[in-house]
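Worksheet: one structure, shown below.
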Number of protein chains: 2
Amino acid sequence: MKLPHNLTQQLTHTLGLAIINGQYAVGKGMPSEAEICEQFEVSRSSTREAVKMLSAKGLISSRPKQGIRVLPETNWNMFDTDVLSWILKSKPSLSLLKEFVQVRLAMEPVAAELASQHATPSQLHSIEAALNRIEDAENGLDDALDSEIAFHSAILEASGNRFFIQLKDFINTALRVGTRYQNYIYENQHDMVNAHEQIFNNIKSGNAVKAKEVTTDFLEKILGRVESKL
Amino acid sequence: MKLPHNLTQQLTHTLGLAIINGQYAVGKGMPSEAEICEQFEVSRSSTREAVKMLSAKGLISSRPKQGIRVLPETNWNMFDTDVLSWILKSKPSLSLLKEFVQVRLAMEPVAAELASQHATPSQLHSIEAALNRIEDAENGLDDALDSEIAFHSAILEASGNRFFIQLKDFINTALRVGTRYQNYIYENQHDMVNAHEQIFNNIKSGNAVKAKEVTTDFLEKILGRVESKL
DNA sequence: TAATACGACTTATAAGATAAATTCTATATG
DNA sequence: CATATAGAATTTATCTTATAAGTCGTATTA
């Protein structure tokens, strides 16, 4: 297989995706440095740099004589942007979707709670703008998925906690995985829009308890629908 | 500065720690490849591999002519094991501790809920073993910090959700940051032990609602004590 | 003034050589 | 025969040098 420019990046993505796809056995099964060079027709420099990037993400280890081996899944940086994008490309399953929603159910209600306490006017405005886009999407004026991602990301941003903010990519991926099964997620579009309006209104009015509660209700409904399909 | 063996790894850690310490200005301020080679007396290969590892973790970007620049904090992989360890070494502040506890308050109650539903007998046993160590620690027979880390990690493991499992390093770091202020965390040791016993008992008996509730109570108490010191 | 071409600088890729670490094997020794 | 030790083979780690490609600034030119 021949790769164009940005060799290191391309090779990293190709190998990362292949690993997450399960194309190499855990504990062994990766080709050696030299074999990767041959197979993809790249220099050792590029190969080694790609290998370093993948080990930085916890996917592989590389030692003299042992070679390059795939690490067990518990070592993978599941919150890494690239790892998430490879998961999205390779493994969209309902049970994975359930795991995503479980994390959302843990994080997002607390994020909404924090946002209702700490959001700046500008951050509130971002949430509201995204809400308006969601409402427009109901009428087909805007993209439904993008606007929903913008809405939930804006809440995370307004939490003021850098760990929550870091989860924007995670939520992005979770929602995109969800679209693979979109017909299962929302009972009807109007309820969904309504839930988002409630979340925003409680954040805006600074009602932390209620903001957390309506976010929990919203996500529990989604989780219920995912579980009912398993 | 001269570095011994494992040059790439050492250089990665040295630079990663320096970046998180704020020794290089965001947006610029990193020395060029050639300067790093000189300063640390390593070859370009090792330098480039270290740079690749750091960009894989979202700390820096590297482009021709632009050089190596520190990325804004929102790009950092805050859930990466190495990044967390550098944070632990460099920035233990009360406001950071608060952010850690806020994440724990989001994740751990849900993890306990899931554990009470899905834990295998073997996983239950691990949680119980850690609890026993915590009880022993009260009498000075075991290390208090290690046993508490083991307890909370075992619950995450028992959640059966790979994202929660991935957070073990995070909890580990959160608890270690907490020890920098340990006197502020627990009102008294006995209450703490008691809370852990309640958490375990509810997980063991499969009482998901109560397991979530007592975990929330426990962490809210900790959060309250941290906030009272800010 | 604006568009283009050129030069300088920095990272990206390549290729070849040596060092270090680890595994396996064979040999020697009890 | 069992075991420990030495060494050979293999693979990654590091170093060096050379060339390519990309980016920015500048100067030249219309």
Side-chain angles (χ1 to χ4, degrees), chain A residues 1-16 18-19 23-72 75 82, chain B residues 1-16 18-19 23-72 75 82:
Chain A
M1 190 190 312
K2 183 68 179 300
L3 296 170
H5 297 295
N6 281 331
L7 291 183
T8 299
Q9 305 295 328
Q10 298 264 358
L11 184 56
T12 303
H13 280 266
T14 303
L15 291 175
I19 290 168
Q23 288 174 28
Y24 302 110
V26 172
K28 255 295 171 195
M30 286 287 291
S32 72
E33 239 177 61
E35 288 168 331
I36 294 174
C37 291
E38 270 196 32
Q39 190 175 344
F40 297 94
E41 299 176 44
V42 294
S43 69
R44 269 193 77 203
S45 319
S46 294
T47 299
R48 285 188 57 77
E49 286 169 19
V51 165
K52 288 297 170 188
M53 295 192 80
L54 292 172
S55 41
K57 293 174 188 299
L59 297 187
I60 59 180
S61 76
S62 167
R63 291 162 153 259
K65 183 63 188 181
Q66 293 188 349
I68 304 168
R69 38 179 71 171
V70 177
L71 291 177
N75 290 93
D82 291 322
Chain B
M1 190 187 316
K2 185 69 180 299
L3 294 171
H5 296 297
N6 281 330
L7 291 184
T8 300
Q9 305 295 328
Q10 299 264 358
L11 184 56
T12 303
H13 281 266
T14 302
L15 291 176
I19 290 168
Q23 289 174 28
Y24 302 112
V26 171
K28 252 296 169 192
M30 287 288 292
S32 71
E33 237 177 64
E35 288 168 331
I36 293 174
C37 292
E38 269 194 33
Q39 190 174 346
F40 297 95
E41 299 176 42
V42 295
S43 69
R44 269 192 76 201
S45 320
S46 294
T47 298
R48 284 188 58 77
E49 285 168 19
V51 165
K52 288 297 172 189
M53 295 192 81
L54 293 172
S55 42
K57 293 173 188 299
L59 297 188
I60 59 181
S61 76
S62 168
R63 290 162 154 260
K65 181 67 184 176
Q66 294 187 348
I68 304 167
R69 36 180 73 171
V70 177
L71 292 177
N75 290 94
D82 291 322

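Computed from a predicted structure; not experimentally measured. By convention in this document, chain letters (A, B, ...) are assigned in the order of the sequence lines, proteins followed by strands, and residues within each chain are numbered from 1.
- The CD atom of E41(A) sits 14 Å away from the C1' atom of dA14(C) (whole-angstrom rounding).
- At its two ends the helix from dT1(C)-dA30(D) to dG30(C)-dC1(D) runs along axes set 10° apart, each axis drawn from five pairs and the angle rounded to 10°.
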side-chain contact (heavy atoms from CB on, under 4.5 Å) for T47(A) and F40(A)? Distances and angles first, verdict last. CA-CA 9 Å; T47(A) 299; F40(A) 297 94; over 6 Å; no
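- Residue S46(B) places none of its side-chain N or O atoms closer than 4.0 Å to OP1 or OP2 of dA13(D).
- Among L11(A), T8(A), I60(A), the one residue that satisfies the side chain to side chain contact (heavy atoms under 4.5 Å, CB included) test with M53(A) is T8(A).
- In this structure, I36(A) places its CD1 atom 8 Å from P of dT12(D), rounding to the nearest Å.
- Atom CD of E41(B) sits about 13.0 Å away from atom OG of S46(B), to the nearest 0.5 Å.
- Here the closest heavy-atom approach between residue I68(B) and residue S32(B) is recorded as CD1-C, 4.3 Å.
- Scored by the side chain to side chain contact (heavy atoms under 4.5 Å, CB included) test, R44(B) finds E33(B), C37(B), R48(B) as partners (sequence neighbours excluded).
- Protein atom CD of Q9(B) is 18 Å distant from nucleotide atom P of dA20(C), rounded to whole Å.
- Judged as a side-chain hydrogen bond (donor to acceptor under 3.5 Å, both in side chains), and not counting sequence neighbours, the contacts of D82(A) are K57(A).
- With rounding to the nearest 0.5 Å, the separation of OG in S55(A) from CD in E49(B) is 9.0 Å.
- Using a 4.0 Å cut-off, no side-chain N or O of S43(A) falls inside it from OP1 or OP2 of dT13(C).
- With sequence neighbours left out, K52(B) forms a salt bridge (charged side-chain N to carboxylate O under 4.0 Å, His left out) with no residue at all.
- Shortest non-hydrogen contact noted between S62(B) and V51(B) is CB-CG1, 4.0 Å.
- Atom P of nucleotide dA21(C) and atom CG of N6(B) are separated by 8 Å, given to the nearest angstrom.
- Between the CG atom of L7(A) and the C1' atom of dA15(C) there is a distance of 15 Å, given to the nearest Å.
- The residue S45(B) sits close to a base: some heavy atom pair falls under 4.0 Å.
- Put simply, CG on L11(A) is 14 Å from C1' on dA14(C), counting in whole angstrom units.
- Residues from residues 58-69 of chain A with heavy atoms under 4.0 angstrom of DNA chain C, sorted by number: R63(A), P64(A), K65(A), Q66(A).
- Annotation: the span from S45(A) atom OG to L7(A) atom CG amounts to 10.5 Å, rounded to 0.5 Å.
- Between E33(A) atom CD and dT14(D) atom P the separation is 11 Å, expressed in whole Å.
- Atom CD of E38(A) and atom P of dA15(C) are 12 Å apart (whole Å).
- Between L59(B) and G16(B), the shortest heavy-atom contact is CD1-CA, 4.2 Å.
- Interface residues of residues 47-56 of chain B facing DNA chain C, ordered by number: R48(B), K52(B); criterion, heavy-atom separation under 4.0 Å.
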